[in-house]
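Just below is one structure, and these are the notes that go with it.
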Amino acid sequence: MGEDIFARVYALVAQVPYGRVVTYGQIARAIGLERGARVVGWAMRRCPANLPWHRVVNAQGGISLHDAPETVPLQRALLESEGIRFDRSGRLDLARYRWEGI
DNA sequence: GGGCTGACTGACG
DNA sequence: ACGTCAGCCAGCC
């Protein structure tokens, strides 16, 4: 049952297109948890490797801290390889890259 | 059942 | 613009 939430999170993440991003809160709202952004973060800790996990960012357009330190630069590198640009403070422009398809 | 923990967020100072 | 704070809620003791 509780795994339904995880499954729904992963199903949404799987749909995010190349070169676009979504936020934790955005996913939470899409699965009916208006303020469940942290739960989405919890689910993303165990995100299956075959999903585009790097396309999930925080509400400020920044990359949130992960378990492994290397994961943050890796996520940024993956996004940059898809044409996404970061500003000096390490944030991307959500108005430009956010995917609204969920 | 009760308390703690986050890959969060919006509000404040 | 940056650091803090208090809510948030499923999962895990």
Side-chain angles (χ1 to χ4, degrees):
Chain A
M1 299 319 190
E3 297 185 53
D4 264 10
I5 292 183
F6 283 64
R8 291 165 86 182
V9 170
Y10 301 146
L12 290 177
V13 172
Q15 298 176 52
V16 184
Y18 180 98
R20 309 301 298 277
V21 300
V22 293
T23 68
Y24 297 94
Q26 200 178 342
I27 295 175
R29 288 194 300 277
I31 64 178
L33 295 175
E34 290 305 312
R35 287 145 197 161
R38 304 190 74 166
V39 175
V40 175
W42 182 276
M44 290 308 291
R45 282 178 67 199
R46 311 216 173 172
C47 183
N50 58 310
L51 297 184
W53 57 271
H54 58 285
R55 297 179 187 144
V56 183
V57 299
N58 63 40
Q60 283 70 52
I63 294 172
S64 294
L65 227 56
H66 298 191
D67 297 340
E70 312 80 49
T71 332
V72 173
L74 170 61
Q75 180 169 358
R76 173 167 173 160
L78 286 170
L79 290 173
E80 287 179 323
S81 77
E82 301 188 356
I84 293 179
R85 300 207 274 164
F86 287 77
D87 64 21
R88 276 178 289 187
S89 51
R91 291 184 301 209
L92 55 80
D93 183 2
L94 276 176
R96 178 177 175 183
Y97 300 114
R98 182 199 294 272
W99 183 56
E100 300 283 5
I102 60 178

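First the proteins, then the strands, lettered A, B, ... as listed; each starts at 1.
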Is there a path of hydrophobic side-chain contacts, each under 4.5 Å between heavy atoms, that joins [X] and [Y]?
X	Y	answer
A:Val56	A:Ile102	yes
A:Val16	A:Val57	no
A:Tyr24	A:Ile27	yes

Find the distance [X]:[atom1] to [N]:[atom2] and express it as a whole number of Å.
X	N	atom1	atom2	result
A:Leu33	B:dT9	CG	P	13 Å
A:Leu65	B:dT9	CG	P	14 Å
A:Tyr10	B:dA7	OH	P	13 Å
A:Arg29	B:dG10	CZ	C1'	12 Å
A:Arg88	C:dC2	CZ	C1'	16 Å
A:Tyr24	B:dC8	OH	P	6 Å
A:Ile27	B:dA7	CD1	C1'	11 Å
A:Ile31	C:dA10	CD1	P	9 Å

Practice task
Return the nearest nucleotide to the side chain of A:Arg45; candidates are B:dT9, B:dA7, C:dA10.
Solution key: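 Looking only at heavy atoms from C-beta outward on A:Arg45, the closest nucleotide is B:dA7.
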Handout entry: Nucleotide nearest A:Asp67 (side chain, heavy atoms from C-beta), chosen from B:dT9, C:dA10, B:dA7
Key =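 Ranking B:dT9, C:dA10, B:dA7 by closest atom to the A:Asp67 side chain puts B:dA7 first.
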Fill in the blank from the handout: Closest non-hydrogen atoms of A:His66 and A:Trp53, given as atom of the first, atom of the second and distance, are CE1-CZ3, 3.9 Å
Exercise for the section: Please report the shortest heavy-atom distance between A:Gln60 and A:Leu94, naming the atom on each side. Expected result: C-CD1, 4.3 Å
Practice task
Starting from the 5' end of DNA chain B, give me the residue, A:Gln60 or A:Thr71, whose nearest nucleotide shows up first.
Solution key: A:Thr71
Practice task
Nearest-nucleotide wise, let me know which of A:Val39 and A:Thr23 is further upstream toward the 5' end of DNA chain B.
Solution key: A:Val39
Practice task
Provide the Watson-Crick or G-U wobble partner of B:dT9, both distances under 3.5 Å; none if there is no partner.
Solution key: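 WC or wobble partner is C:dA6.
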Handout entry: Counterpart base for B:dC4, defined by Watson-Crick or G-U wobble contacts under 3.5 Å
Key = C:dG11
Report all interatomic pairs (protein N or O, nucleotide N or O of nucleotides 3-7 of chain C) with separations under 3.5 Å.
residue : atom : partner : partner atom : Å
C:dG7   : O6   : A:Arg38 : NH1          : 2.9

Exercise for the section: Pick base, sugar-phosphate or nothing for A:Ile63, based on heavy-atom distances below 4.0 Å to the nucleic acid. Expected result: nothing
Practice task
Begin with the C-alpha distance, continue with both residues' side-chain angles, and end with the deciding distance and a verdict on salt bridge (charged side-chain N to carboxylate O under 4.0 Å, His left out) for A:Glu82 and A:Arg20.
Solution key: CA-CA 8 Å; A:Glu82 301 188 356; A:Arg20 309 301 298 277; over 6 Å; no
Problem - A:Leu65, CG atom: more than 12 neighbouring heavy atoms under 6.0 Å - result: no
Problem - Of A:Arg91 and A:Arg46, the one whose closest DNA chain C nucleotide lies more 5' - result: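 Nearest-nucleotide comparison on DNA chain C picks A:Arg91.
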